[in-house]
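These notes concern the structure reproduced below.
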Amino acid sequence: MIIKHAYIEKFRALNNIDFDLGSKITAIVGYNGTMKTTILGILSQTFTIGKDNVMFGEKTIDGYNFCSQFKEKFKLTDKDLPGEHKWSLELYDGIYKNNTFEAHSILRDKTSKEIRFWSTEGKGKGVGYPQVPVYYISLKRVTPLGEEININSVAELSDEEKEFLDKEYRNIFSSTNICNLSVETIVSAKKHTAAIYPAEYDALTISAGQDNIGKILLAILSFKRLKETFPNDYKGGILLIDEIESTLHPASQMMLIKRIYKYAKDYKIQFIFTTHSPTVIKSTFDKYNKGEAQMLYLKKVGDKVQGYNNPDVDSVISELSGEVVKKNKKVKKIDIFCEDVVARSILRQFLTNYNKYYRIMSCSIGAEEYGELLRVQLKQIVESVIVLDGDKNNTKTNNKLKSIKAQNVIFLPSTFCPEKMFYKFLFNLPDDDIFWDNSIGGFDKNKCFLKYPTLDDKSDSDMYKKWFDSVKSNFGKGYKKLIKYWMVTNKEEYESFMNNFRNAYNIIAKQINAEIIV
């Protein structure tokens with residue numbers, strides 16, 4: 001969609017807040033005073049529709065110009081100093097040059113103490129906010145329509161659009177028993193919204209919840225218009241909603257989130273909202289792909305706000321309720337797949353300190369087969385760490401892994417198969433090395449290579465495997481003696497592998513909410 005990732009280096013109580021955004025939904029959750037609305041302001045401030053854009057001058061049905069300003073969310077004060085605000089966004093391809101936009105606060109001009117927010121690239125030609133339509137809906141939308149003194153009905157909707165609002169209203173409120181709905185746009189001193197109500201009533205009788213949905217649906221309909229009017233130029237938009245659940249019954253909250261996934265897909269809208277609602281949180285994350293939805297939980301600690309990416313849903317709901325979560329001591333384990341029994345034995349010794357975090361699966365297939373399972377996104381394989389033999393660490397394999405964006409694949413040390421790695425390692429040990437048993441009848445270097453004394457780089461891997469099979473009984477259970485000695489003797493290679501393993505493991509751990517290892 002539009003935003004992939006956000007990093008807020010500093011902005012008031014926000015420091016080093018780093019989070020991904022869902023391609024369809026991002027929920028910003030936390031107690032009051034944790035700067036949720038400020039983050040909406042930061043995200044919406046970054047975009048505009050400039051004079052050179054074909055969509056310039058287009059407005060939403062309720063008169064909004066698809067360009068959000070900070071003053072809609074909060075007021076800047078004398079304590080907001082230039083240079084004390086900085087953030088960056090990683091954007092999807094085609095949204096902005098280099099896919100990254102960074103902004104900071106500067107003085108509006110030389111004679112003013114007022115600050116503004118602008119690109120860190122400066123004020124040169126081609127520098128400015130990314131050109132994307134945004135719409136911010138504040139809590140002003142829930143002011144009861146019945147409290148307005150004068151309202152006017154405005155004929156802004158086509159019959160097709162009225163039908164859209166009618167249908168979506170029924171979906172969200174599960175109104176199968178309501179017939180003859182009236183749909184109109186209403187304008188008053190404080191509001192411009194969609195009024196959807198049974199024909200036997202009038203607009204002033206609708207509830208705040210109905211009014212809330214009318215406003216949200218009108219915004220969605222505005223993006224729908226934009227997409228249909230500019231099919232070649234509209235790349236998507238961002239709809240930001242403060243406290244999306246306000247005035248809505250839990251059942252309606254659930255149905256609204258369900259519909260939002262459809263609106264996001266149909267009209268290329270990236271939804272970003274704040275919420276305190278357990279119903280909204282569960283509806284967002286319990287039934288849908290987490291790649292499409294992301295959560296940022298904000299918690300104030302002292303005078304700073306900390307951010308948590310995609311925390312456990314039940315823990316968040318307990319936190320919002322003021323409950324203490326009893327920690328489950330059982331660690332969520334991640335599966336590890338490799339090519340054969342020798343590789344599994346190596347991994348058991350290499351990963352001894354992380355036993356409680358993983359399961360090594362007894363699956364013996366080759367690199368090409370793992371590559372194909374990754375390509376088709378087989379869930380168990382995608383959510384595991386794949387360890388291939390060192391001889392697969394070549395240009396062909398790495399290019400394929402890069403093409404399918406596989407970040408969970410690592411290689412055993414060396415550029416050889418494990419058996420060849422051990423052959424060369426032992427062959428290079430002196431005859432009197434402590435590894436050998438030079439007692440009469442002991443397993444010495446001569447006996448180790450008695451049947452295969454001349455293997456070299458021209459020998460194929462099958463010959464090294466045959467050598468290994470002929471001597472492996474001398475290496476102890478699980479080849480522990482050999483593997484442990486290799487680890488001690490080749491510390492740099494071992495540590496390099498472990499770093500690669502931790503990186504791959506933690507990528508998967510973040511995706512499935514497992515514990516990170518260090």
Side-chain angles (χ1 to χ4, degrees), residues 18 308-312 315 325-365 367 370 374 380-393 401 406-426 428-429 433-435 468 472-518:
D18 206 6
Y308 300 85
N309 292 301
N310 287 324
D312 175 69
S315 296
V325 178
K326 293 183 179 179
K327 300 294 185 182
N328 187 349
K329 293 183 179 180
K330 186 176 181 181
V331 175
K332 189 173 186 178
K333 294 188 175 185
I334 291 178
D335 294 337
I336 299 176
F337 288 86
C338 54
E339 295 192 52
D340 55 30
V341 65
V342 176
R344 289 195 286 275
S345 297
I346 293 172
L347 290 173
R348 288 190 183 96
Q349 299 306 319
F350 279 14
L351 306 176
T352 298
N353 293 335
Y354 297 112
N355 279 337
K356 68 177 183 178
Y357 296 103
Y358 68 83
R359 288 185 298 263
I360 297 179
M361 308 304 289
S362 297
C363 179
S364 298
I365 60 175
Y370 282 124
L374 287 165
Q380 187 177 5
I381 297 298
V382 170
E383 294 183 353
S384 302
V385 176
I386 312 300
V387 184
L388 301 180
D389 290 351
D391 59 337
K392 304 305 190 309
N393 192 0
L401 294 174
Q407 296 181 288
N408 60 329
V409 180
I410 60 174
F411 300 90
L412 289 174
S414 91
T415 55
F416 309 126
C417 67
E419 293 85 355
K420 184 175 181 179
M421 178 185 77
F422 287 135
Y423 183 98
K424 286 180 169 290
F425 167 62
L426 294 176
N428 288 322
L429 291 180
D433 191 272
I434 60 172
F435 180 82
F468 191 83
K472 64 184 181 183
S473 61
N474 298 288
F475 300 140
K477 185 177 180 180
Y479 326 130
K480 183 176 180 179
K481 178 184 176 183
L482 169 61
I483 297 169
K484 288 289 187 182
Y485 197 61
W486 183 95
M487 290 165 60
V488 170
T489 312
N490 297 270
K491 288 183 179 180
E492 287 189 11
E493 286 186 79
Y494 168 67
E495 286 301 329
S496 176
F497 171 84
M498 291 305 299
N499 285 333
N500 292 336
F501 172 78
R502 283 186 287 266
N503 289 337
Y505 184 98
N506 288 336
I507 287 172
I508 301 302
K510 289 177 182 178
Q511 292 175 5
I512 66 172
N513 290 323
E515 188 173 340
I516 301 296
I517 61 175
V518 294

How far apart are the closest heavy atoms of [X] and [Y], and which atoms are they?
X: Cys417; Y: Asp391; value: N-CB, 3.6 Å
X: Glu383; Y: Ile508; value: O-CG2, 3.2 Å
X: Val382; Y: Gln511; value: O-OE1, 4.5 Å
X: Lys332; Y: Asn513; value: CD-O, 4.2 Å
X: Met487; Y: Gln349; value: CE-O, 3.8 Å
X: Leu347; Y: Tyr358; value: O-OH, 4.3 Å

Return the [atom1] to [atom2] distance between [X] and [Y], rounded to the nearest 0.5 Å.
X: Asn408; Y: Ser384; atom1: CG; atom2: OG; answer: 7.5 Å
X: Asp389; Y: Cys338; atom1: CG; atom2: SG; answer: 8.0 Å
X: Thr489; Y: Asp433; atom1: OG1; atom2: CG; answer: 7.0 Å
X: Ile365; Y: Ile386; atom1: CD1; atom2: CD1; answer: 8.0 Å
X: Leu351; Y: Ile360; atom1: CG; atom2: CD1; answer: 6.0 Å
X: Ser496; Y: Asn490; atom1: OG; atom2: CG; answer: 12.0 Å

Look at the rings of [X] and [Y] and say which category their plane angle falls in: under 30° parallel, 30 to 60° tilted, over 60° perpendicular.
X: Trp486; Y: Phe422; answer: perpendicular
X: Phe501; Y: Tyr354; answer: tilted
X: Phe425; Y: Tyr485; answer: tilted

*Apply side-chain hydrogen bond (donor to acceptor under 3.5 Å, both in side chains) to the pair Tyr494 and Asn499, showing each step before the final yes or no.*
CA-CA 9 Å; Tyr494 168 67; Asn499 285 333; over 6 Å; no
*Using the side-chain contact (heavy atoms from CB on, under 4.5 Å) rule, take Leu401 and Leu374 through it: C-alpha gap first, then chi angles, then the decisive distance, then the call.*
CA-CA 9 Å; Leu401 294 174; Leu374 287 165; 4.2 Å; yes
_Note, Val341 side chain near Ser364 side chain (heavy atom, < 4.5 Å)_ =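 SC-SC contact between Val341 and Ser364 ruled out.
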_Note, Asn309 side chain near Lys510 side chain (heavy atom, < 4.5 Å)_ =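 They are not in side-chain contact.
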Spell out, as yes or no, whether a donor-acceptor pair under 3.5 Å connects the side chain of [X] to the backbone of [Y].
X: Asn506; Y: Arg502; result: yes
X: Ser315; Y: Pro311; result: no
X: Tyr370; Y: Ile381; result: no

*asked:* Test of understanding: with side chain to side chain donor-acceptor pair (under 3.5 Å), list the residues that count as partners of Asn474, not counting sequence neighbours.
replied: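 Testing Asn474 for side chain to side chain donor-acceptor pair (under 3.5 Å), a comparison that skips the adjacent residues, returns none.
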*Taking the six-membered ring for Trp, is the centroid-to-centroid distance between Phe350 and Phe497 below 6.0 Å?*
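Yes: the rings meet the under 6.0 Å criterion.
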_Can you confirm whether or not the ring centre of Phe468 sits under 6.0 Å from the ring centre of Tyr479?_
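Yes - the distance between ring centres of Phe468 and Tyr479 falls below the 6.0 Å cut-off.
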*Any chance you could lay out the side-chain contact (heavy atoms from CB on, under 4.5 Å) test for Asn428 and Leu426, step after step, and finish with the verdict?*
CA-CA 5 Å; Asn428 288 322; Leu426 294 176; over 6 Å; no
*asked:* Suppose the criterion is salt bridge (charged side-chain N to carboxylate O under 4.0 Å, His left out): which pairs have a residue in residues 335-355, not counting sequence neighbours?
replied: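 Of all non-adjacent pairs touching residues 335-355, those that pass salt bridge (charged side-chain N to carboxylate O under 4.0 Å, His left out) are Asp335-Arg359, Glu339-Lys392, Asp340-Lys465.
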*Among residues two or more places apart or on two chains, list those pairs meeting salt bridge (charged side-chain N to carboxylate O under 4.0 Å, His left out) that have a residue in residues 472-489.*
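Listed once each, the pairs are Asp469-Lys472.
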*What's the verdict on side-chain contact (heavy atoms from CB on, under 4.5 Å) for Leu388 and Val409, showing C-alpha distance, side-chain angles and the deciding distance?*
CA-CA 7 Å; Leu388 301 180; Val409 180; 3.8 Å; yes
*Verdict with reasoning, Tyr357 to Lys333, per side-chain contact (heavy atoms from CB on, under 4.5 Å)*: CA-CA 5 Å; Tyr357 296 103; Lys333 294 188 175 185; 5.9 Å; no
